[in-house]
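Written out below as structure tokens is the structure these notes cover.
For ligands, and for the atoms within them, numbers begin at 1 and follow the listed sequence. Quick caveat, the model's predicted, so the values are computed rather than measured.
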Amino acid sequence: MEVIRTINELKQRVSEAKANNKTVGLVPTMGALHAGHLSLVERARNDNDVVVVSVFVNPTQFNNQEDLLTYPRTEEADCALLEKAGVDYAFIPSVEEVYPEPDTRQFDLGPVAEVMEGAMRPGHFNGVAQIVSKLFDMVQPHRAYFGEKDFQQIAVIRRMAEICGFDIDIVDCPIKREADGLAMSSRNVRLTPSQRAVAPAIHKALEEGKALKETGKSVAEVKKFVVDTINAVDQMEVEYFEIVDPLTMQPVSEWKDSVNGNPVGCITVYCGKVRLIDNIKF
Ligand code: PAF
């Protein structure tokens with residue numbers, strides 16, 4: 001595996017690969033890699049001749065300075081994992097390399113970006129669109145891989161790709177979970193032992209909510225059950241729980257209102273100071 005720090009070098013490597021008719025898969029990450037990321041890499045490895053993984057903690061998508069400063073950075077361990085996973089190029093640029101000047105682009109991301117994370121974290125999705133569009137531009141991959149834990153983010157990235165005219169196959173990959181059900185996340189390392197012990201309550205409540213739907217309960221009843229169940233757990237507080245259409249991301253008030261397929265329940269929970277997100281397909 002080669003570690004690349006500059007955009008010029010990255011472009012050069014990718015154009016060499018494409019000149020040899022190789023397909024290129026991109027896995028954008030912010031590092032602090034875990035088995036969830038590695039499942040994206042594995043999928044990219046299976047689908048493409050050349051795999052590029054970017055490791056970049058993108059400052060423009062953080063609307064909370066403390067979150068940016070405390071975001072785990074584990075470059076050496078990340079490189080060891082990527083090497084072992086058979087990655088060709090790890091792109092690990094500096095902030096100055098990616099943003100030699102401030103990125104002032106404002107993306108018209110529309111309604112998919114206005115609800116849930118979009119409402120709670122103003123500017124977050126614009127920052128995601130900025131960095132992912134830059135990476136798409138630099139690599140112009142055949143395929144790009146994103147985890148479904150950030151379910152709304154995938155919809156936002158599809159929208160960005162559509163408005164920017166990127167002809168890239170955006171591949172969504174299932175959530176990876178710990179044995180006790182907690183969705184894998186780079187933020188999990190910030191949980192104290194007692195928080196880590198209670199955090200699986202999120203997935204458990206979502207599964208129980210799904211079972212309630214199957215017994216005929218309404219959207220409102222399932223929402224109330226999930227929120228009340230998690231809020232009853234020590235150190236946990238639900239920020240939002242919405243049941244949404246899987247394409248438009250708009251909350252539904254009746255199950256049948258999810259016209260683009262099975263609705264998805266998207267949740268954000270504070271476990272102490274750590275913000276955890278998860279979702280379930282109903
Ligand atoms: O999901 C993430 O880790 C980030 O939002 C992404 C897509 C790598 C952009 O910085």
Review point. Can you list the atoms of ligand 1 that are under 4.0 Å from a heavy atom of Pro28?
Key: 8 (C)
Exercise for review: Show which atoms of ligand 1 fall inside a sub-4.0 Å distance from at least one heavy-atom site of Ile131.
Suggested key: 9 (C), 10 (O)
**Study point:** Region of Ile157 engaging ligand 1 - heavy atom pairs below 4.0 Å
**Key:**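 Ile157 to ligand 1: no contact under 4.0 Å from either part.
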**Study point:** Cationic N near anionic O, under 4.0 Å, Arg158 to Asp172
**Key:**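 Salt bridge flag = yes for Asp172 with Arg158.
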Practice item. Taking only Lys NZ, Arg NE, NH1 and NH2, and the carboxylate oxygens of Asp or Glu, determine whether Lys281 and Glu148 approach each other closer than 4.0 Å. Key: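 Yes, Lys281 and Glu148 are salt-bridged.
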Point to revise | Residue that, paired with Asp67, satisfies side chain to side chain donor-acceptor pair (under 3.5 Å) out of Arg187, Arg275, Lys273 | key: Arg187
Check your understanding: Which of the listed options, Met30, Gln61, Gln153, His37, holds the heavy atom that is closest to atom 1 (O) of ligand 1?
Key -> Gln153
Practice item. Check Arg190 against Pro72 and note the closest heavy-atom contact, atom names and distance. Key: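 Smallest heavy-atom distance, with atoms named: CD-CD, 4.5 Å.
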